Amino acid sequence: MDMLRTRVAQRTRRVTLTVLAAAATVALTAGAASAAEVEVLHYWTSGGEAKSAQVLKQMLEKKGDTWKDFAVAGGGGENAMTALKTRVISGNPPAAAQIKGPAIQQWGDEGVLVSIDDVAHADNWDKVLPTQISSIMKYKGQYVAAPVNVHRVNWLWINADALKKVNAQPPATWDDFFKTADALQKAGITPVAIGGQSWQEAETFETVALGVGGAAFYKKAFVQLDPATLKSPTMIKALETFKKIKPYTDKGQTGRDWNMATGMVIAGKAAMQFMGDWAKGEFTVANKTPGQDYLCVPGPGTQDAYTFNVDSFAFFKVKSAEVEKGQKDLAGLLMSPEFQEIFNLNKGSIPVRQGMDLAKFDECAKKSAADFKNAQVKGTLVPSWAHDMVIKPAVEGAFYDVIGEYWNSDSETAQQAADKLAAASKTN
Ligand code: BGC
């Protein structure tokens with residue numbers, strides 16, 4: 001119970017934003033940042049992420065603006081969101097912040113975001129972005145945020161040597177997966193690397209649920225939040241399959257950062273990790289080659305589906321005209337083909353800007369782009385709920401708690417967890 005309370009206390013995502021209404025006005029009158037200095041809040045601090053952020057900084061400075069780094073460590077961005085709230089409440093928001101999904105609308109409701117519509121129209125963003133994504137970037141019809149990438153979440157990363165040692169193929173089904181996991185364990189290799197942080201547990205469960213239930217089930221459960229689906233027999237099966245993975249993970253997972261877990265796979269200490277393709281940024285920094293040193297395959301049973309996670313920067317109202325100009329420079333840069341290429345080569349994701357040449361990208365990125373299109377056609381392209389793309393932050397936080405408690409409990413049943421999910425879907 002104490003753990004639950006701590007988690008709840010730490011659950012920054014569910015802090016209601018309504019108190020911020022007054023801050024909008026304060027933001028306008030508070031001391032603005034010094035001339036042409038663009039302060040950017042982000043949470044890209046792992047090896048691959050930091051390299052990607054560096055690209056952004058360098059390209060912005062080439063435009064004559066100064067980058068003021070506001071990096072807040074913590075995978076998945078929970079710490080960054082707390083820092084952002086504090087700054088906006090005190091009337092001193094950064095010029096831009098890495099926020100995504102429904103949170104953009106919530107900040108829009110607070111009246112603290114600024115339109116970048118002129119930049120978006122000049123570059124025809126409506127044409128070069130899939131509508132599913134451009135609509136997330138707009139508040140009341142106007143662009144207030146710029147997207148930088150498409151991350152695929154439903155990946156399984158595999159150390160190629162580890163798989164060879166047990167003479168196995170990348171698992172396509174859950175049966176194969178558990179057979180391979182058994183063989184790896186017998187060979188003395190930790191089958192699955194994970195970090196014991198609620199977003200990592202939630203993300204793993206998200207992929208399992210998609211694999212077990214399929215895209216239609218996923219949409220009913222995690223997009224429509226249908227209570228009957230949330231406690232259906234399929235959900236129970238998904239929860240059981242998720243928990244079946246636990247004995248294949250190691251004891252040292254508590255609090256481990258995601259990139260440390262990726263590091264275990266890179267070093268061959270663990271064989272597999274369920275993680276979005278920011279993990280590829282770590283393999284890239286370690287000079288590893290896909291198809292040779294490591295493999296990227298969709299999570300078992302998710303071959304035809306695609307969970308998308310789009311990073312974006314929203315722009316806050318500031319008082320200085322120079323900073324406003326800097327914001328527009330940044331917005332234009334984020335969507336430019338040059339930036340989209342070099343940034344995504346480092347980040348592990350693919351450009352969100354459509355029609356780009358992917359010649360320089362590796363096989364994982366090319367597969368991601370092809371599978372994205374295929375899923376769009378088949379209706380199996382789904383937003384990642386564990387990565388802030390669809391449900392409101394309060395419900396997402398409540399789901400995190402349910403999944404985390406179930407993963408860490410020795411006694412909770414899948415039925416109990418499913419009932420809790422259905423109840424959590426009604427969180428305000
Ligand atoms: C973000 C990624 C980031 C990852 C780990 C995700 O929510 O979309 O950009 O690399 O978290 O921090």
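Read the numbers this way: they start at 1 and go in the same order the structure lists the ligands and their atoms. In what follows, every heavy atom counts, from backbone to side chain, and hydrogens, waters and symmetry copies are set aside. Source: prediction; values computed, not measured.
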* Record the part of D388 in heavy-atom contact with ligand 1 below 4.0 Å; permitted values are side chain, backbone, both and neither. => neither
* Asked: Taking NZ, NE, NH1 and NH2 as the nitrogens, is one of them in R87 or E39 under 4.0 Å from a carboxylate oxygen of the other?
  -> yes
* Taking only heavy atoms of G75, which atoms of ligand 1 are found under 4.0 Å from at least one of them? -> 12 (O)
* Does the pair S368 and Y306 meet the rule for a side-chain hydrogen bond (donor to acceptor under 3.5 Å, both in side chains), with working shown? -> CA-CA 8 Å; S368 174; Y306 191 112; 2.8 Å; yes
* To do: Please tell me if the side chains of V310 and K100 come closer than 4.5 Å, counting only heavy atoms from C-beta onward.
  => no
* Does atom NZ of K231 have more than 12 heavy-atom neighbours, drawn from other residues, nucleotides or ligands, at distances under 6.0 Å? -> no
* Asked: Looking only at protein heavy atoms, which one is nearest to atom 9 (O) of ligand 1, and how far off is it?
  -> D311 OD2, 2.6 Å
* **Selection from Q98, K347, H387, E203 by shortest heavy-atom distance to atom 2 (C) of ligand 1** => K347
* Asked: In ligand 1, which numbered atoms sit nearer than 4.0 Å to a non-hydrogen atom of K100?
  -> 1 (C), 6 (C), 7 (O), 8 (O)
* **Carboxylate-amine/guanidinium contact D362 K280, below 4.0 Å** => yes
* To do: Please report which non-hydrogen protein atom sits nearest to atom 5 (C) of ligand 1, along with the residue it belongs to and the distance in Å to one decimal place.
  => E49 OE2, 3.2 Å
* Asked: Against heavy atoms of G76, which atoms of ligand 1 measure under 4.0 Å?
  -> 5 (C), 7 (O), 11 (O), 12 (O)
* Asked: Which atoms of ligand 1 are found less than 4.0 Å from any heavy atom of W258?
  -> 5 (C), 12 (O)
* Considering only NZ, NE, NH1 and NH2 on the basic side and carboxylate oxygens on the acidic side, decide whether K57 and D69 come within less than 4.0 Å. => no
* Does some non-hydrogen atom of G77 fall short of 4.0 Å from ligand 1? -> no
* Is any N or O atom of W44, backbone or side chain, closer than 3.5 Å to an N or O atom of ligand 1? -> yes
* **Ion pair K367/D277, N-O distance below 4.0 Å** => no
